[in-house]
Amino acid sequence: MTQVSLRPYQQEAVRRVVDWFRRSSEPAVVVLPTGSGKSLVIAELARLARGRVLVLAHVRELVEQNHAKYEAYGLQADIFSAGLGRKETARQVVFGSVQSVANRLDAFGGGDFTLLVIDECHRVDVSDDATRVSRYQQVIDHLRAANPNLKVLGLTATPFRLGQGAIYHQHYHGMVRGPETSFFRACVFEQPLRVMVRQGYLTEPRLIDAAIARYDFSHLITRRDAAPREDELNRVVKGSRATPVIIEDVLAQATDRQGVMIFAATVAHAEEIMTYLPPESALVTGQTETRVRDEIIADFKARRLKYLVNVSVLTTGFDAPHVDVIAILRPTQSVGLYQQIVGRGLRLSPGKTDCLILDYAGNPWGLYDPDMTTPRPASDTEPVQVPCPLCDFANTFWGRMDGEVLIEHFGRRCQGLVEGEQGLTQCLFRFRFKVCDECGTENDIAARRCGGCERLLVDADNQLKEALKLRDAKVLRVSGMELVAARNGRGLPRLQVVYHDEDGAQLDEWFALETPAQRTVFERIFLRHHLRAPGTGWVPDSIETVCAEHARLRAPDFVIGRKVGRYWKIREKLFDYEGRYRRADSAS
């Protein structure tokens, strides 16, 4: 039997998986960057398994690659893949495509499969909705019915799904990443991309933000859980004056480079790109005939082609180590897809010192920030550390620093795990929240039903609609918030907060900060909602301090006032509004 040597991090991944499944039968995830040798980890786990093992992948290239790595041990395994022309199930270990296995579940009965390994497991979608059962769920349900103690392990470089975030609930570093309902319970091992590059296992990526020309897709990114439609993308790129300028820049950047992959937005866009490229170029799309596609890929790997344009393909299961330029001419709201695209250029190859990442679409993702599962809110934000005031866990959120001072972050809830009666559970502290009027529970700002009493929460649109009907109510679409060091009618110093709308109307509120009790009230009813960096412990001790550090505070999107006698009193302030009413164009 051939002895295959595992790298230290691969050995550690195997050890952690074995330890996890000795203690639990809940599904687990291992996160390894593209090019880190997931196939070898899979092969070692399959070799160690005592029962039968099924290894699933979604494309035949990965089935073949994983099978080859296993047989490098000198062991034999079966392949069950229509695309590879083989449907074998006799041996202890079977490498199969999920489509082929799901179509022939009767060939995988008997209850003797003890381990299911899923490569590229970010594609797994397990739902309670009986009307949309995925191929993966069909296989999992079938194997579990025969063996309730089935172990399920997923491997991926990008443990995220669009609209969901992280695909697992807990991370072994002691933090929450995805929802409690996640199919995969825990990430039991992760090898960061930055470490792989530093240790010399992967090529260094160098991100170059294109300054000469770029496409503006910003108006298309309206929903986090859905990608723009092809017709919407075509309206941006079709016939764009930016395209020839962009391709000219790609050619200039690639002069002394070995292999260039260009990721286009649509088929029409890719076809136009091809008109500006030299003869040693080719195009692959989802409609490209399999035989033609294989020939193009073979020519590219043999370096008979230098430029390979593609549309929504070649992001997984594609291995061309000499690629040293990645040109991104399409938007993506998925951090997973972005990392997969970049990963095509990170494998080591002779004569390759780095890989240029040319982004002409203004994608909001960082190369080394896969933990940031939400898009970068703005180009001047960065990952910042925010300790939880309740459990002291060091959260990482997008935010802004002013020197050493954190002035803003976009976190909602603490990601820390704390020990409770039910074992490890997520910390209850929320940095941003909306309060239930019935029971006072703090809920996520996007929640529709209270987590405490299960009542439907007041809808912001309904609040605005009802207030607009009332004669004694005033609704401000806030375009600015002014802080004034003023004096009240008795000459006492007070903080006046003035809210302005686009039409010149205004509402205000007053606060005293002279005593500890007054400052506590100010913190509870004003600061917790207005702070750009809530939970950081900033409690100003004077009106002058509040005014001097106004950059720490944010304005609400809407303010609702009611008339009380001769005066207006603010009743509601709406933050983080995402309803059907238009917000002010320039909220400060």
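- Between Leu574 and Gln463, the closest side-chain pair of non-hydrogen atoms falls below 4.5 Å.
- Under the 4.5 Å side-chain criterion, counting only non-hydrogen atoms from C-beta, His409 is in contact with Arg432.
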Pair up each side-chain donor or acceptor in residues 544-553 with any protein partner under 3.5 Å, not counting sequence neighbours, and list the distances.
{"residue": "Thr545", "atom": "OG1", "partner": "Ser542", "partner atom": "OG", "Å": "2.8"}
{"residue": "Glu549", "atom": "OE1", "partner": "Arg552", "partner atom": "NE", "Å": "2.6"}
{"residue": "Glu549", "atom": "OE1", "partner": "Arg552", "partner atom": "NH2", "Å": "3.3"}

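- The distance from atom CZ of Phe433 to atom CD1 of Ile445, rounded to the nearest 0.5 Å, is 11.0 Å.
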>> Would Gln415 and Phe393 count as a side chain to side chain contact (heavy atoms under 4.5 Å, CB included) here? Give the steps.
In response: CA-CA 8 Å; Gln415 298 171 337; Phe393 177 78; 4.0 Å; yes
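- Considering only residues two or more places apart in sequence or on other chains, Arg413 meets the salt bridge (Lys or Arg N to Asp or Glu O under 4.0 Å) condition with none of them.
- Pairs engaging residues 445-456 under the side chain to side chain donor-acceptor pair (under 3.5 Å) rule: none recorded [sequence neighbours left out].
- Phe263 places none of its side-chain heavy atoms less than 4.5 Å from the side chain of Leu337.
- Taking the side chain as every heavy atom from C-beta outward, Val197 and Pro205 approach each other to under 4.5 Å.
- Looking only at atom types and distance, the side chain of Tyr338 has no donor-acceptor partner in the side chain of Thr158 under 3.5 Å away.
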> What's the verdict on side chain to side chain contact (heavy atoms under 4.5 Å, CB included) for Leu406 and Trp538, showing C-alpha distance, side-chain angles and the deciding distance?
Replying inline: CA-CA 10 Å; Leu406 173 64; Trp538 183 67; over 6 Å; no
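- To the nearest 0.5 angstrom, Glu120 atom CD is 6.0 Å from His58 atom NE2.
- Nearest approach of Leu513 to Leu495, heavy atoms of both residues: CD1-CB, 4.3 Å.
- Under the rule for a salt bridge (Lys or Arg N to Asp or Glu O under 4.0 Å), the partners of Asp461 that lie at least two apart in sequence or sit in another chain are Arg580.
- Residue Asp576 forms a salt bridge (Lys or Arg N to Asp or Glu O under 4.0 Å) with just one option from Arg554, Lys434, Arg412, and that option is Arg554.
- By the side chain to side chain contact (heavy atoms under 4.5 Å, CB included) test, Glu180 pairs with His169, Arg185, sequence neighbours left out.
- In this view, Thr181 and Pro179 satisfy the side chain to side chain contact (heavy atoms under 4.5 Å, CB included) rule, not counting sequence neighbours.
- Judged purely by atom type and a 3.5 angstrom limit, Tyr499 has no side-chain atom pairing as donor or acceptor with the backbone of Phe558.
- For Asp503 (side chain) and Ala505 (main-chain N/O), no donor-acceptor pair under 3.5 Å exists by modelled atom type.
- Evaluation of the side chain to side chain donor-acceptor pair (under 3.5 Å) rule for Gln191 yields no partner, not counting sequence neighbours.
- For the pair Leu155 and Cys121, the minimum side-chain heavy-atom distance is 4.5 Å or more.
- Here the closest heavy-atom approach between residue Ala242 and residue Tyr215 is recorded as CB-CE2, 4.1 Å.
- Contact annotation: the side chain of Ile326 approaches that of Arg344 to within less than 4.5 Å [non-hydrogen atoms, C-beta and beyond].
- Here CG of Asp508 is found 6.5 Å from CD1 of Ile570. Values are rounded to the nearest 0.5 Å.
- When the side chain to side chain donor-acceptor pair (under 3.5 Å) test is applied to Asp119, the partners found at least two apart in sequence or on another chain are Asn66.
- None of Gln339, His122, Gln340, Arg123 except one satisfies the side-chain hydrogen bond (donor to acceptor under 3.5 Å, both in side chains) rule with Thr156; the exception is His122.
- Residues passing the side chain to side chain donor-acceptor pair (under 3.5 Å) test with Asp472 are Arg562, sequence neighbours excluded.
- The environment of CD in Glu514 is crowded: more than 12 heavy-atom neighbours from other residues, nucleotides or ligands sit within 6.0 Å.
- With Gln426 contributing its side chain and Cys414 its backbone, the two residues share a donor-acceptor pair below 3.5 Å.
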Could you pull out every donor-acceptor pair under 3.5 Å between side chains of residues 23-30 and any protein atom, sequence neighbours left out?
{"residue": "Arg23", "atom": "NE", "partner": "Asp19", "partner atom": "O", "Å": "3.4"}
{"residue": "Ser24", "atom": "OG", "partner": "Glu26", "partner atom": "N", "Å": "2.9"}
{"residue": "Ser25", "atom": "OG", "partner": "Lys151", "partner atom": "NZ", "Å": "2.9"}

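- The minimum heavy-atom distance between Asn443 and Gly451, with the atom names listed, is OD1-N, 2.7 Å.
- Ile407 CD1 to Thr536 OG1: the interatomic distance, rounded to the nearest 0.5 Å, is 11.0 Å.
- Taking all atoms of both residues into account, the shortest heavy-atom contact from Gly416 to Asn395 is N-OD1, 4.2 Å.
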> Run the side chain to side chain contact (heavy atoms under 4.5 Å, CB included) check on Ile167 and Ser182 step by step: do they pass?
Replying inline: CA-CA 6 Å; Ile167 62 173; Ser182 300; over 6 Å; no
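- By the 4.5 Å heavy-atom criterion applied to side chains, Ile140 and Ile118 are counted as neighbours.
- Aromatic ring pairs are classed by plane angle as parallel below 30°, tilted from 30° to 60° and perpendicular above 60°; the pair Phe526 and His530 is parallel.
- Between the SG atom of Cys391 and the CD atom of Glu419 there is a distance of 13.0 Å, given to the nearest 0.5 Å.
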> Checking side chain to side chain contact (heavy atoms under 4.5 Å, CB included) for the pair Trp398/Glu408: CA distance, chi angles, key distance, verdict?
Replying inline: CA-CA 9 Å; Trp398 290 115; Glu408 184 170 23; over 6 Å; no
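- When all heavy atoms of Leu507 and Leu476 are compared, the pair lying nearest together is N-CD2, 3.5 Å.
- Judged purely by distance below 3.5 Å, without hydrogens or angles, the side chains of Gln506 and Glu482 never pair a donor atom with an acceptor atom.
- Looking at residues two or more places apart in sequence or on another chain, you find a salt bridge (Lys or Arg N to Asp or Glu O under 4.0 Å) between Lys573 and Glu509.
- Taking the six-membered ring for Trp and the full ring otherwise, Phe189 and His171 have centroids separated by 6.0 Å or more.
- Applying the salt bridge (Lys or Arg N to Asp or Glu O under 4.0 Å) test to Glu230 and every residue at least two apart in sequence or in another chain returns nothing.
- Heavy atoms only, all atoms of each residue included: Trp510 and Ala486 are closest at CZ3-CB, 3.8 Å.
- To the nearest 0.5 angstrom, Phe184 atom CZ is 15.0 Å from Gln170 atom CD.
- Proximity of Leu346 to Pro33: side-chain heavy atoms (C-beta onward) are nowhere separated by under 4.5 Å.
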>> I'd like to know whether Ser479 forms a side chain to side chain donor-acceptor pair (under 3.5 Å) with Glu502, so could you lay out the CA-CA distance, the side-chain angles of the two residues, the decisive distance to 0.1 Å, and finally the verdict.
In response: CA-CA 6 Å; Ser479 62; Glu502 299 167 313; over 6 Å; no
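- Using cut-offs of 30° and 60° for the angle between ring planes, the Phe397 and Phe431 rings count as perpendicular.
- For the residue pair Asn234/Thr266, the side-chain donor-acceptor check at 3.5 Å is satisfied.
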